[in-house]
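Here the structure comes first, spelled out in structure tokens, and everything after it is commentary.
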Amino acid sequence: MSAIARPRASFESATDAIEAIYDKPWSDGLPVFPPIPEYVERTIEAGGREGDAVLGLLKERDVTLYVWQAATCAVMAGCRPSYFPVVLATWDAMFDPNFNLNTVLSSTGGASIAAIVSGPYASEINMRSGGGVFSPGNRANATIGRAIRLGAMAVLQAITGELDASSFGHAGKYTFHFAESTPPKGWATLRERLGYNALDTTVSILPAESPRQIAHRFHPTAQDMLNLIGATMRTPGGCCTGAVGHYFVVLGPEHTGVLVDAGLGPDEIRYELSRTSAISPEELRAAGIEPNAPGTSYDEMDERGYYYSAKPENILVATAGGYGAGWSVVIPAWSMSSVSNSVTRPVRFSSVG
Amino acid sequence: MAFEIILPVADRNAEIQVRTRRHVWKALPAKPVIGLIDNTKTYASDILELVARKLVACGFADSWFTIRKSSSGNTMTEDDLAELVLRADMVVAGIGD
């Protein structure tokens, strides 16, 4: 029996319930699955935590998110109960003060919540990591991220045009969860590089701008790849460019192969990308940006006098995506690390641990 | 037959409540001191100081001081809030870009 009353409503039909939810600002514009009590309870149970447990408090809005509310939104999003531990781990990460959730959900910059799921549980729930990793068609990828957005809207009041003041936003705000693919031989998984065990599953989140796809189909060398990825990271209009922010660098199979063949591992890649993504004052000025103008954040330089876009520790390198002509993707944070940071949390299957 | 669902919140309007004021209102003195909150966005301090200068020039306010946030994306610190409460009779804040 729940200690906190869970509000219920009765309708003539499922269609009426779906339409009633449309009348509230609780949908992303797509139809929601009606959160019938039995399914919400099964979802709570699958998360291994008490339904009345607090997931987090957004103090600026004086709003608390409870497990049962996250479960209700997960059902609305179309999640299977088995996805709920990943949803909970995402919320755990989002309520870390280093993430600065209130600002992430409010900013005119229109950040999404991008999330890399690394570990065996991602495979167990059939998350997609390979071809079409950011494409439609995978229920887990689509609905886990959507569960987060619906929770942000319905419970945390991140309503578009109201407390979510996004000037544009982007498609990743509907959903942006994906799984890490098996890294090449000799590379540790993302979770291991972040200090977890191979058998753990983790969720790493980033307050993200839209992804930027990188093509290099002309037999690049490893240095070509590092230069091109770095150039993509330092696009002058990016919020983190020259201002030290976090990035997800998602390497496709061909580009990973080039880097592996050159003997590079993720740590070397992060270090090199920190250098190749740094931007010179001249390059900023050529793009119409005066780095010394009032209010700018271009102040941390390397020994060349280039402004850092990211330090090695700000860059999370993961493998994903499918074979093709040679593609990778950079996902930049929407703001500098002085405002918000990538955060990682383990997927737990009980309230302990 | 009724189709029952659980709602994610009881009622959106009921959920949004005005927080209890942290401090008691007091009447403005004849010449108030203005606290400016600079959110660090481009030209925020220029605009705020322009407003403050005009308020002093027209005889409304006595003086002003500025509290600068660590960044526009971060909330004010408790220390900064306490300083505002201690020194300012009224506050002018700039929001947005």
Side-chain angles (χ1 to χ4, degrees), chain A residues 5-18 20-21 24-26 33-41 59-63 68-73 75-76 100 102-104 106-109 150-151 153-155 157 159 163 165 167 293-297 334-336 338-340, chain B residues 1-23 35-53 64 66-85 91-97:
Chain A
R6 293 169 196 165
R8 296 180 181 219
S10 292
F11 301 91
E12 291 289 317
S13 67
T15 309
D16 288 348
I18 293 167
I21 290 171
K24 303 280 186 183
W26 297 340
F33 190 92
I36 54 178
E38 179 200 358
Y39 215 56
V40 171
E41 291 303 324
K59 66 175 184 176
E60 295 88 347
R61 302 179 187 194
D62 209 12
V63 175
W68 70 265
Q69 291 175 304
T72 304
C73 292
V75 173
M76 287 164 58
N100 197 356
N102 180 57
T103 302
V104 172
S106 320
S107 170
T108 58
L150 296 186
M153 295 179 71
V155 184
Q157 303 166 359
I159 308 300
L163 288 184
S167 294
T296 57
S297 305
W334 116 108
S335 191
M336 302 84 78
S338 58
V339 175
S340 180
Chain B
M1 183 179 147
F3 185 87
E4 190 177 51
I5 63 171
I6 292 181
L7 305 177
V9 292
D11 179 278
R12 184 174 171 243
N13 292 326
E15 288 289 312
I16 300 174
Q17 296 173 359
V18 178
R19 292 185 72 165
T20 308
R21 282 194 189 283
R22 293 156 59 118
H23 307 289
L36 302 177
I37 302 174
D38 174 2
N39 70 355
T40 76
K41 293 225 173 186
T42 309
Y43 305 123
S45 62
D46 296 350
I47 293 166
L48 289 167
E49 287 182 18
L50 180 68
V51 171
R53 275 198 299 273
W64 78 85
T66 302
I67 299 282
R68 186 173 163 86
K69 288 172 43 171
S70 61
S71 87
S72 58
N74 292 330
T75 52
M76 290 188 68
T77 64
E78 291 294 326
D79 285 349
D80 285 346
L81 284 171
E83 186 178 352
L84 273 178
V85 170
V91 167
V92 179
I95 59 170
D97 292 83

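Reckoned from all heavy atoms, side chains included, excluding hydrogens, waters and symmetry mates. Reminder, nothing fancy here: chain letters follow the sequence lines and each chain counts from 1.
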Heavy-atom cut-off 4.5 Å, strictly under: side chain, backbone, both or neither for [X] against chain B?
{"X": "A:Thr72", "result": "side chain"}
{"X": "A:Met336", "result": "neither"}
{"X": "A:Ile21", "result": "side chain"}

Check: Does any N or O in the side chain of B:Thr40 come within less than 3.5 Å of the main-chain N or O of B:Ser72, such that one atom is a donor and the other an acceptor?
Finding: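 Yes: the side chain of B:Thr40 pairs with the backbone of B:Ser72.
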Check: Quick one: are A:Phe11 and A:Ile18 in side-chain contact, heavy atoms under 4.5 Å?
Finding: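 Result no, sub-4.5 Å side-chain heavy-atom pair not found.
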Checklist line | Interchain contact, B:Thr75 with chain A, by part (heavy-atom threshold 4.5 Å) | finding: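 Answer is side chain: those atoms of B:Thr75 sit under 4.5 Å from chain A.
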Next item on the list: Heavy atoms only: give me the nearest B:Glu4-A:Pro37 pair and the separation to one decimal.
Entry: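 Nearest pair, atom of B:Glu4 first, then A:Pro37: O-CD, 3.2 Å.
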Notebook entry, point to check: Mind checking what makes side-chain hydrogen bond (donor to acceptor under 3.5 Å, both in side chains) contact with B:Glu49, not counting sequence neighbours?
Noted result: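 So B:Glu49 forms no side-chain hydrogen bond (donor to acceptor under 3.5 Å, both in side chains) with any residue.
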